[in-house]
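To keep things clear, I will list the structure first and then write my remarks on it.
For the single chain, residues carry numbers from 1 onward in sequence order.
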Amino acid sequence: MITAGVDVGTSGTKILAMDEHGKVLKIVMRDYPLYQSGVESEQHPDDWWEQTADGLRELTAAVPNIAAVSFSGQMHGLVVLDAEDKVIRRAILWNDQRTTAQCDYLNNVVGREKLLENVANIALTGFTLPKILWMKEHEPELFARIKKVMLPKDYIAYKLSGQFATDESDASGTLLLDVQKREWSQTMLEIAGLKQEQLPKLYKSSAAVGKVTAAAAKLTGLSEDTIVVIGGGDQAVGAVGTGTVSAGMCSLSLGTSGVVFAATDKFAVDRAASAVHSFCHANGAYHMMGVTLGAAASTKWWIEDVLNVTDYNSEQTAIKPENLGNNSVYYLPYLSGERTPINDPFARGAFVGMATYTSRADMTLAILEGVAYSLRDNLEAIKKLGVSFSSARIIGGGAKSALWCQITANVLNLRVDKINSAEGPAFGAAILAAVGAGAYPTVEEACSKLIAVTQSYKPDSAAVQRYEKRYPIYNKLYKDLAESFGKISAG
């Protein structure tokens with residue numbers, strides 16, 4: 001059986017075909033515009049569809065007879081359609097920061113306790129409900145036209161199948177889903193000013209929701225017999241792609257943003273600090289997740305924009321093993337504000353501790369260490385909820401750096417494993433398609449058959465001790481600078 005996975009990302013769509021043994025047969029990439037201005041970040045859903053359809057045509061020309069297709073997608077994006085199924089406005093994306101006032105209303109007027117009780121998470125600027133409230137306040141005429149509200153990957157599934165559907169993992173990031181009960185929260189719908197019929201039907205991530213329509217088949221080259229499996233949010237589906245689907249497993253992503261993802265069988269809410277997300281997992285259970293916004297984004301900024309070079313490896317060659325944990329320079333990776341655990345859109349990046357002897361290599365090392373410290377912030381928040389693990393699987397562009405993998409293992413004091421697949425969410429989506437089409441009975445069994453560890457980075461005990469002394473210093477720096485960050489952002 002051949003299945004396809006479609007990952008609707010922020011920078012573009014990645015589509016791959018996989019056989020029943022997990023061998024990737026072909027990968028197709030397509031990109032589309034990103035509209036950013038100030039705190040706003042938007043894309044047009046029709047751009048997603050046009051490029052996905054074009055990419056599928058290329059894929060099916062090379063790999064025919066695709067039995068099922070499933071999806072991963074950037075989470076939280078607000079897609080709204082009118083009564084004629086036309087897109088009302090460009091989608092407001094996960095990294096859009098315009099909703100500070102709406103988040104303040106939800107967290108402080110509606111109240112954190114009410115949010116935690118109904119949807120298990122507090123409001124962050126990236127989530128969907130604050131965007132809905134922003135649109136209701138600032139674009140009331142457009143808001144009044146809304147017939148359907150959906151998430152990015154669900155728009156592609158809708159265009160392919162005609163089914164108005166979503167899954168529980170992606171819906172968890174809307175602030176409209178009762179995560180524990182796995183149903184839309186009537187309380188939150190009333191706050192949003194929406195009716196339940198305006199929201200898609202909920203499914204498990206591996207559920208088949210229909211087949212490809214005749215019109216979509218002509219556009220994409222897929223057969224009308226191709227099964228459409230709904231898929232999930234990029235982080236949950238990316239975890240499927242790493243095999244992080246059993247309780248006690250953890251994955252780390254060093255992509256544009258950095259993610260700590262912990263699979264669990266038990267529902268839990270971070271009532272004390274609201275520092276991490278509690279979401280449904282794509283395997284039908286739950287997961288906890290922490291996100292730092294400036295992971296590989298920090299290295300890209302430093303290497304390409306500041307140093308004005310393109311060779312990432314050469315910038316790391318001057319960093320020796322004995323340098324790890326001995327750096328006097330600290331870096332806070334808050335270039336775009338920060339998500340968890342501090343939830344501060346006004347936080348900013350900072351180098352601290354520079355001296356006349358500080359070198360270019362010291363600065364580069366500080367960035368790699370700063371991101372690892374930020375991942376640890378999230379790991380520690382998850383541990384406080386009673387979740388433990390002895391290793392983590394690492395993915396993302398940053399994971400190509402052996403040095404960064406070793407630093408991460410040292411800072412987290414955790415074995416870090418690389419796996420036999422580097423395709424992440426698109427690969428996870430293809431696995432979900434295989435489960436939805438009946439090739440495997442469960443997501444867990446599919447992952448156990450298709451994914452294996454290929455390389456491990458064990459913590460170096462001496463470096464671990466050095467980082468244990470430095471992590472509290474890093475951890476305190478944000479608290480010391482938070483007030484100043486707010487003043488800087490206010491101008």
> Do the charged groups of Arg415 and Asp417 touch, with an N to O distance under 4.0 Å?
Replying inline: yes
Kindly say whether Thr244 contributes a backbone atom to a donor-acceptor pair with the side chain of His281 at under 3.5 angstrom?
yes
Val259 vs Leu252, side chain to side chain contact (heavy atoms under 4.5 Å, CB included): CA-CA, chis, key distance, verdict: CA-CA 6 Å; Val259 178; Leu252 307 170; over 6 Å; no
Of all heavy-atom pairs linking Tyr457 and Gln455, the shortest is OH-NE2, 3.3 Å
Heavy atoms of other groups near Asp31 CG, more than 12 under 6.0 Å: no
Result block: side-chain N/O donor-acceptor pairs under 3.5 angstrom for residues 63-70, not counting sequence neighbours:
unit_1: Ser70; atom_1: OG; unit_2: Val229; atom_2: O; d: 2.9
unit_1: Ser70; atom_1: OG; unit_2: Gly231; atom_2: N; d: 3.2

Exactly one of Lys148, Lys159, Lys147 clears salt bridge (Lys or Arg N to Asp or Glu O under 4.0 Å) with Asp85, and that residue is Lys148
Exercise for review: List the steps and the verdict of side chain to side chain contact (heavy atoms under 4.5 Å, CB included) for Met150 and Phe164.
Suggested key: CA-CA 8 Å; Met150 59 181 73; Phe164 185 34; 3.6 Å; yes
Output field: ring centroids Tyr35/His44 closer than 6.0 Å: no
- prompt: Does a side-chain N-to-carboxylate-O contact under 4.0 Å join Lys384 and Glu380?
  reply: no
Worked verdict on Gln74 versus Gln43 for side chain to side chain donor-acceptor pair (under 3.5 Å)
CA-CA 11 Å; Gln74 50 172 299; Gln43 285 177 327; 3.1 Å; yes
Worked verdict on Tyr440 versus Leu450 for side chain to side chain contact (heavy atoms under 4.5 Å, CB included): CA-CA 11 Å; Tyr440 297 95; Leu450 302 176; 3.4 Å; yes
Next item on the list: Could you check Ile395 against Leu254 for side chain to side chain contact (heavy atoms under 4.5 Å, CB included), going step by step and ending with a plain yes or no?
Entry: CA-CA 6 Å; Ile395 59 171; Leu254 284 175; over 6 Å; no
**Asked** Under the 3.5 angstrom rule, does the side chain of Arg145 hit a backbone N or O of Asp82 as a donor-acceptor pair?
**Response** no
Q. Salt bridge check: are Glu58 and Lys26 linked by an N-O gap of less than 4.0 Å?
A. yes
- Query: Do His277 and Phe261 make the cut of ring centroids closer than 6.0 angstrom?
  - Reply: no
Flag, side chain of Ser172 to backbone of Cys280, donor-acceptor distance under 3.5 Å: yes
Task: Residues Arg98, Glu42: salt bridge by 4.0 Å N-O rule - done: yes
ask   = Can the ring centres of His287 and Phe279 be said to be less than 6.0 Å apart?
value = yes
### Message
Between Lys195 and Glu190, does any NZ, NE, NH1 or NH2 come within less than 4.0 Å of an OD or OE carboxylate oxygen?
### Response
no
Is the shortest distance from a Lys or Arg side-chain nitrogen in Asp167 or Lys204 to a carboxylate oxygen in the other one below 4.0 Å? no
